[in-house]
Structure formats: structure tokens, C-alpha cells
Amino acid sequence: MNICLFTASFLPKVAGMEIVIDRLAREYIAMGHRVAVLAKTPRGMKEAPAFDYPVCYYKRSMSEVWFNGAPKRMLTRLHRQYRFDVIHAHQIYPTGYLGWKMSGKLGIPTVMTSHVGDVREGSRLRKKPVTNRRMIEAMTYGSAVTGVGRGVCDTIDAMVGFRRAFYIGNGVDIPLPPPEPPSLAGRLPVPAAERGFDLTLCRLHANKGLTCLVDALGILKQRRVGRPPLLMAGTGREEAAIRAKIAQHGLENDVFLIGQVNAAERDWLMSRCRLFLQPSVVEGMPMTVLEAMASSCALIGTDIPGIRELLRDGVNGRLVPPGNPEALADALEASAGEPGTLDRFRAAARETAEANSWRAVAGQYIQLFERTIAVNGRPVLPE
């Protein structure tokens, strides 16, 4: 099968969706399929990186509503070269919509996947009448629609007014704990080496609930509950707000922002942390939760769609209400006195990760592609 992975954002930009597309591309190839990626040129990219599969970047348009035609021309040219059997568009808009519009001209189906940011309530795409209408059209009439979380699927179904979305989650590699990466030398605070550490790793964004996490640590300080330091790995627009919260609670010696980390550094941190914390308020299916489980972490996360599908309260971690620093503080305090329970959580988390391999996820997509091809691109609905 010849597959076009069509995306508005791709490597070298590093975030969840970009990593998902790369891993799917490599799994499709390992399964014997041919792959080409068509992606919008990342901002600031001066030279395209090398990949094990062809990647073509199209020029950025000035508007999300009035396209300059570059992605359509590039998709047509790539189809002539690779004779695609299916387009797998990541994000409903613009790529899912454009793929659907081009499907008739190219004679191939488009399967579109939402990673939550496009369809979630309050997103900039849903606030604009034109883009919201186009998303609904594409999801209604496209060959197939998937969501990376059951909550994403519920949102899609509500937007189109009937059961439309297939649930296909994200996958994970099972890493081997590497030695300490030299690039982390000097970046970790002394208390982390002496007392161990808890970890959160994500974009520093309001959706990740990090200021709520700092508030929870402030509550523990008021209670005089001793705990290891927290390392926050990542960068983003909320960094100033997080640092202000840290200063407000006097946690400068307890919370440390260590910046962006690479894959080896991530695996090392996850393999050695006491707890991995995911206090998000909005998620599709967070890659970091799967990666932490693959590293046998004990987890505390928020009880929201995308996390609760992986994290079962009392089985492989703890769930707390989102945006509730008191509840999060209670869970953190309880974790200090239950080392045996944390060991049980770690073992169960690893089992969860092993059941969500990238090969299994890619196989689900291939089965869906085969169904859409078999019915000549007509809309396929969940049974």
C-alpha cells in the first residue's frame, strides 16, 4: 500500500503529533508499505533534516481560510510520483479538509485523524464560522475519521450529529534505561541527586495544568510535608507564569525548570523518577503518559479523557480531578507513605505500555485504510 501522511506540522518541530506521524511512517514501512510525508514548512526551518522516507514541505499560506494552492499542487505532484492508495491526514483542518476536497480529483480516500487541538471546545478553528463549517463537512463526508482518545471521538460525534469517529490511540516504544546523558550534567539540582525527584515533562502550556501543580506543592509546604524536588522538563509560553507561582509559594529550592530534553534524556529521567505527574486539563492522548508507563513510572494524572483511558485509579496510578490543587496535594501526600503501592503501580504501568505498541496502532490504521479502499472511498462508520 502507498500511503501519504499529510500534516500541517512536522519535524524538526517536536511535539506529540509530529512524533506520532514519524513513528507511524516507520511502522508502515516496517510492515512493507511505502510512505511519503507532505508537511507545511516549519517556521524558521533553514534546512530540511534527513529522514528514512521521503518528506516534502509545502509553502506556508498567509491565511487558513484562503489557501495559496501550494499543498494542493504538492499533493497532486506527489500522487503522480507515488500513486497513493490512501491519504492519512493529521488534523481535521486544514489537512483533513484539503485531503477530502482532493480525494475526488485524485480518486483515493482520505482518512483524517484529530489529535484534539483542532476539534476541542473553544479552539481557534471552532471559533471561526468558516473553518468550523469546513471541519464538519470534512468529518461528515470524508472516508473515515479517527480520534486519538475516546473524548476526542465523542467531540467529533457531537459536532457532526451522529457516531462517526473511530478510536485509535497513540503508541509507545519500550525503552531501555540509558546511562546518564552528558548533556544533563550540571542541569540537575543537587537535591535531585540526594533525594531523588518527581517529574513532569510537557510543553509549558496552560492546558497542562502546571500552575495548579505548583499550587499543590505550595499546599504541601504549608502542611510541612517533606517530599523530593520536582523537575519540570519542557519549554513554552507559560514559563513566566510558572516561575511566578514558584516564587509566590517560596518553592525555588523545590521546583526546577530544566528546559527541553531529548529522547535519551527523557528516558533517563523517567527511569529514575519517583513519580511522574500529568496534571493536564485538556488532552487527546498524551504521549508522555505512555512513555512514562513504558519506563515503569508510578503516575498521578488528572481524570480527563485521554488520560483516564490509560491511567486506572488504584491499578496503575492515581487519578485526581483537573484544576484541583487540594486533591492533587492529597494524592502527592498519600504517595509518600505507600512505597509498596508505588511498586505495584510501576509494574501495572509497564503492562499497559506493552499493550499499546506502535506496531499494534499502525496495524489498526492499516485495517481502516483497507476498509476505505474496499468501498471506493465512501464514508466508513464505526460498527
Side-chain angles (χ1 to χ4, degrees), residues 187-202 204-234 236 238-258 269-283 286 288-289 292-293 295-304 307-308 310-346 348-349:
R187 292 169 62 188
L188 299 184
V190 173
E194 294 177 348
R195 294 185 280 145
F197 58 89
D198 292 344
L199 176 69
T200 185
L201 190 156
C202 59
L204 306 186
H205 188 281
N207 287 344
K208 301 301 181 180
L210 299 174
T211 54
C212 176
L213 174 56
V214 178
D215 284 337
L217 299 182
I219 292 170
L220 292 180
K221 183 177 181 179
Q222 291 177 349
R223 296 177 183 175
R224 300 184 183 276
V225 175
R227 55 176 310 282
L230 171 69
L231 304 185
M232 284 191 180
E238 286 290 297
E239 181 172 344
I242 294 167
R243 290 190 182 278
K245 277 284 187 182
I246 292 170
Q248 175 187 333
H249 293 293
L251 294 170
E252 291 88 348
N253 294 322
D254 299 281
V255 183
F256 301 89
L257 277 66
I258 64 172
L269 290 166
M270 287 183 171
S271 69
R272 285 159 174 78
C273 70
R274 183 188 70 107
L275 280 172
F276 186 86
L277 309 174
Q278 189 81 26
S280 304
V281 293
V282 176
E283 287 289 358
T288 49
V289 168
M293 288 180 163
S295 295
S296 301
C297 291
L299 290 92
I300 296 177
T302 40
D303 190 6
I304 61 172
I307 294 180
R308 70 167 71 106
L310 297 170
L311 191 56
R312 292 173 293 162
D313 188 50
V315 177
N316 55 7
R318 295 288 188 206
L319 286 172
V320 298
N324 188 326
E326 288 280 352
L328 184 50
D330 291 343
L332 287 166
E333 184 174 0
S335 69
E338 51 183 17
T341 300
L342 294 185
D343 289 341
R344 178 167 55 83
F345 287 169
R346 293 184 184 102

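Counting from 1, the numbers follow the sequence of the chain as shown.
Atom CZ of Arg318 and atom CG of Leu342 lie 8.5 Å apart (nearest 0.5 Å). Rounding to the nearest 0.5 Å places CD of Glu283 at 10.5 Å from CG of Leu310. Arg243 CZ to Leu204 CG: the interatomic distance, rounded to the nearest 0.5 Å, is 9.0 Å. The CG atom of Leu319 sits 4.5 Å away from the CG atom of Leu311 when rounded to the nearest 0.5 Å. How far CG of Leu210 is from CD of Glu239: 11.0 Å, rounded to the nearest 0.5 Å. Note that the NE2 atom of His249 and the CG atom of Leu217 stand 8.5 Å from one another [nearest 0.5 Å].
Within the 4.5 Å cutoff, no side-chain heavy atoms of Leu332 are placed close to those of Val225. Annotation: side chain of Asn207 is not in contact with side chain of Glu238 (no heavy-atom distance under 4.5 Å). Annotation: side chain of Leu230 is not in contact with side chain of Asp254 (no heavy-atom distance under 4.5 Å). Counting heavy atoms from C-beta on, the side chains of Leu328 and Leu213 come closer than 4.5 Å.
Between the side chain of Arg308 and the backbone N or O of Asp313 there is no donor-acceptor pair closer than 3.5 Å. Between the side chain of Lys221 and the backbone N or O of Leu251, no donor-acceptor pair lies under 3.5 Å. No side-chain donor-acceptor contact under 3.5 Å links Thr302 to the backbone of Val281. At distances below 3.5 Å, not a single donor-acceptor pair connects side-chain atoms of Ser295 with backbone N or O atoms of Ala292.
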(request) Dump the intermediate steps for salt bridge (Lys or Arg N to Asp or Glu O under 4.0 Å) on Arg227 and Asp198, then the final yes or no. (result) CA-CA 9 Å; Arg227 55 176 310 282; Asp198 292 344; 2.6 Å; yes
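Closest approach of Ile307 and Pro286 over heavy atoms only: CG1-CG, 3.8 Å. Nearest heavy-atom pair, Thr200 versus Pro279, reported as atom, atom and distance to 0.1 Å: OG1-CD, 4.2 Å. Contact between Val315 and Phe345 at its shortest, heavy atoms only, is O-CD2, 3.4 Å. Residue Leu199 comes nearest to Cys273 through the heavy atom pair CB-CB, 3.9 Å, listed as atom of the first residue, atom of the second, then distance. Between Cys297 and Phe276 the shortest heavy-atom distance is CB-CB, 4.0 Å. Across Leu275 and Ser335, no two heavy atoms sit closer than the pair CD1-OG, 3.3 Å.
Residues Gln278 and Thr288 bring a donor and an acceptor atom of their side chains to less than 3.5 Å of each other.
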